[in-house]
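See structure below.
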Amino acid sequence: MPSDTVDHALLRHHGDVDARPGMLDFAVNVQGSAPPPWLRERLATRLADLGRYPSAAEDLAARTAVAARHGRRPDEVLLLAGAAEGFALLPKLAPRLAAVVHPSFTEPELALRQAGVPVTRVLLEPPYTLDPSAVPDEADLVVLGNPTNPTSVLHPAGTLRALRRPGRVIVVDEAFADAVPGEPESLATTATPDILVLRSLTKTWALAGLRCGYLLGAPDLLASLHHGRPLWPLGTLQLEAIAATAEPAAVAEAQRYATTLAVAREAMIERLTALGLYVHTPARGPFLLLHVPGGELLRAHLADQGIAVRRADTFPGLGPDHLRVAVRDEAAVDRLCAAIRTTPGRV
């Protein structure tokens with residue numbers, strides 16, 4: 001049993017628990033209900049290959065595609081069965097003290113704590129901007145998101161680089177970086193010996209059920225993380241999806257989507273603010289953090305109306321009046337706003 005007093009069940013909570021089948025889903029940040037047709041067709045062409053084990057050549061081909069996408073070398077890429085696997089591997093770095101910047105995605109802290117790694121929380125106050133000096137000097141592993149889930153804050157790349165210290169490894173969770181037009185603050189192309197960047201394909205490409213992601217970093221760090229993994233850690237379809245979405249045409253498609261999403265996000269902010277809800281801005285991710293008096297009551301009312309939103313009190317530093325909502329299209333936002341207007345007790 002874990003020896004710390006942190007509630008591990010809260011750290012384990014994710015938005016999919018808040019969204020029951022058939023609900024209008026604002027709780028999960030996956031965009032769309034399925035991959036685009038071209039990607040589904042490409043995956044379908046590999047079904048006939050599932051009778052054989054994935055080859056080293058296929059692994060290399062996927063790593064080569066990712067490396068070309070980010071201006072790296074193939075040995076600077078570690079393919080993952082979803083970004084969550086990357087967090088589960090972090091204890092292999094054997095940090096003496098890990099600092100996790102919050103509010104942010106809770107899976108890294110949970111993985112570290114369950115492995116017995118000492119963890120300190122760096123809790124940011126609104127507007128959730130990061131001061132590198134807030135991270136203890138003795139922390140030899142620092143984990144943070146950019147853009148950050150659930151605040152939708154995008155930290156400047158220079159601020160992240162200012163976290164560097166001798167003997168320290170910095171892990172930047174960029175699961176939502178491809179949802180930012182131009183990816184201006186990404187460190188994915190930064191080849192330094194002490195920065196690991198984690199990417200997910202789940203969100204933009206609607207691949208939550210396939211589990212695809214990767215880490216970018218120095219070969220020696222990646223080798224430490226890879227050591228002890230099972231043979232064939234990724235299947236044929238995962239390797240194909242990673243290679244396909246790293247190709248130039250797919251990257252361009254993702255960027256077009258990011259531009260469309262930014263317009264939808266601004267429209268959604270305006271509409272929610274007009275209803276009297278506090279929306280944290282500036283927001284740069286595909287989701288918004290709300291602060292609503294009576295947030296738990298609102299969440300329950302929306303659930304009764306068939307609409308799922310993400311409770312945010314499971315994120316360290318936030319409380320029951322915080323909610324997270326994914327950016328959705330105009331029709332979905334119409335339904336959300338109409339349901340909010342009917343909340344009991346609203347004036």
Side-chain angles (χ1 to χ4, degrees), residues 1-14 78 80 82-125 128-151 153 155 157 159-177 187-188 190 192-200 213-229 314-318:
M1 291 293 291
S3 60
D4 60 77
T5 58
V6 169
D7 189 333
H8 287 219
L10 287 180
L11 293 178
R12 178 63 78 185
H13 183 91
H14 298 302
L78 180 65
L80 302 170
E85 188 196 9
F87 298 131
L89 296 176
L90 291 182
K92 293 185 177 185
L93 297 175
R96 296 183 302 276
L97 176 66
V100 183
V101 179
H102 284 298
S104 67
F105 188 55
T106 53
E107 200 65 30
E109 177 176 331
L110 179 64
L112 291 163
R113 287 187 181 277
Q114 290 187 329
V117 175
V119 175
T120 184
R121 291 176 173 176
V122 180
L123 292 174
L124 305 183
E125 299 290 337
Y128 308 113
T129 53
L130 175 62
D131 178 358
S133 67
V135 177
D137 286 337
E138 59 269 27
D140 55 350
L141 177 68
V142 181
V143 185
L144 73 164
N146 205 38
T148 304
N149 173 17
T151 62
V153 167
H155 301 292
T159 299
L160 304 189
R161 292 191 183 97
L163 292 168
R164 299 177 68 194
R165 300 284 188 279
R168 172 185 286 178
V169 174
I170 301 163
V171 178
V172 186
D173 173 11
E174 292 192 358
F176 299 99
L187 295 184
T190 300
T192 64
D194 54 355
I195 295 177
L196 289 167
V197 173
L198 187 144
R199 287 288 185 118
S200 169
Y214 52 86
L215 275 162
L216 302 166
D220 62 330
L221 285 178
L222 298 185
S224 297
L225 296 172
H226 181 63
H227 181 74
R229 292 173 82 198
T314 64
F315 295 99
L318 303 181

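Because the structure is a prediction, the values reported are computed rather than measured.
- Residues Val100 and Arg113 fail the side-chain proximity criterion, which asks for heavy atoms closer than 4.5 Å.
- The line from CZ of Phe105 to CG of Asp173 is 7.0 Å long, rounded to the nearest 0.5 Å.
- Residues Leu196 and Leu93 meet the side-chain proximity criterion, which asks for heavy atoms closer than 4.5 Å.
- Arg96 and Pro118 make their closest contact through O-CG, 3.4 Å (heavy atoms, listed as atom of the first residue, atom of the second, distance).
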task = Check the pair Leu144, Ile170 against side chain to side chain contact (heavy atoms under 4.5 Å, CB included), reporting the backbone distance first and the verdict last.
result = CA-CA 8 Å; Leu144 73 164; Ile170 301 163; 4.2 Å; yes
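- For the pair Ala111 and Pro91, the tightest heavy-atom approach, listed with the atom from each and the gap, is O-CG, 3.7 Å.
- To the nearest 0.5 Å, atoms CG (Leu97) and CG (Asp137) are separated by 11.0 Å.
- Considering all non-hydrogen atoms of both residues, Ala98 and Val117 come closest at CB-CG1, 4.1 Å.
- Checked against salt bridge (Lys or Arg N to Asp or Glu O under 4.0 Å), Arg121 has the following partners two or more places apart in sequence or in another chain: Glu109.
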ask   = After noting the C-alpha distance and the side-chain angles of Asn149 and Phe176, does the key distance pass the side chain to side chain contact (heavy atoms under 4.5 Å, CB included) rule?
value = CA-CA 8 Å; Asn149 173 17; Phe176 299 99; 3.9 Å; yes
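- Going from atom CG of Leu215 over to atom CG of Leu90 covers 7.5 Å, rounded to the nearest 0.5 Å.
- Every residue two or more places apart in sequence or in another chain that forms a ring-ring contact (aromatic ring centres under 6.0 Å, His included) with Tyr214 is listed here: His70.
- Asp220 CG to Leu225 CG: the interatomic distance, rounded to the nearest 0.5 Å, is 10.0 Å.
- Within the 4.5 Å cutoff, the side chain of Thr190 has no heavy atoms near those of the Val197 side chain.
- In summary, of the residues considered (Leu198, Leu216, Leu187), a side chain to side chain contact (heavy atoms under 4.5 Å, CB included) with Glu174 occurs for Leu187 alone.
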request  = Show your reasoning for whether side chain to side chain contact (heavy atoms under 4.5 Å, CB included) applies to Val122 and Val142.
outcome  = CA-CA 10 Å; Val122 180; Val142 181; over 6 Å; no
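- Between Pro95 and Val169 there is no side-chain heavy-atom pair separated by less than 4.5 Å.
- Checked against Leu163 for a side chain to side chain contact (heavy atoms under 4.5 Å, CB included), the options Ile195, Leu130, Val172 give a single hit: Leu130.
- Atom CG of residue Leu89 and atom NE2 of residue His227 lie 12.0 Å apart, to the nearest 0.5 angstrom.
- With Asp194 as the fixed residue, the salt bridge (Lys or Arg N to Asp or Glu O under 4.0 Å) test singles out one of Arg168, Arg161, Arg164: Arg164.
- Taking 4.5 Å as the limit, some side-chain heavy atom of Leu141 sits within range of a side-chain heavy atom of Leu112.
- In terms of heavy atoms, Ala175 sits closest to Ser200 at CB-CB, 3.9 Å.
- Note: Gln114 CD to Glu107 CD = 8.0 Å, rounded to the nearest 0.5 Å.
- Among all heavy-atom pairs drawn from Thr106 and Thr314, the shortest one is CG2-O, 3.7 Å.
- When every heavy atom of Leu221 is checked against every heavy atom of Pro193, the shortest pair comes out as CD1-O, 3.3 Å.
- Residues Pro136 and Thr120 have side chains in contact (heavy-atom distance under 4.5 Å, counting atoms from C-beta outward).
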request  = Show your working on side chain to side chain contact (heavy atoms under 4.5 Å, CB included) between Leu124 and His155 and close with a plain yes or no.
outcome  = CA-CA 12 Å; Leu124 305 183; His155 301 292; 4.2 Å; yes
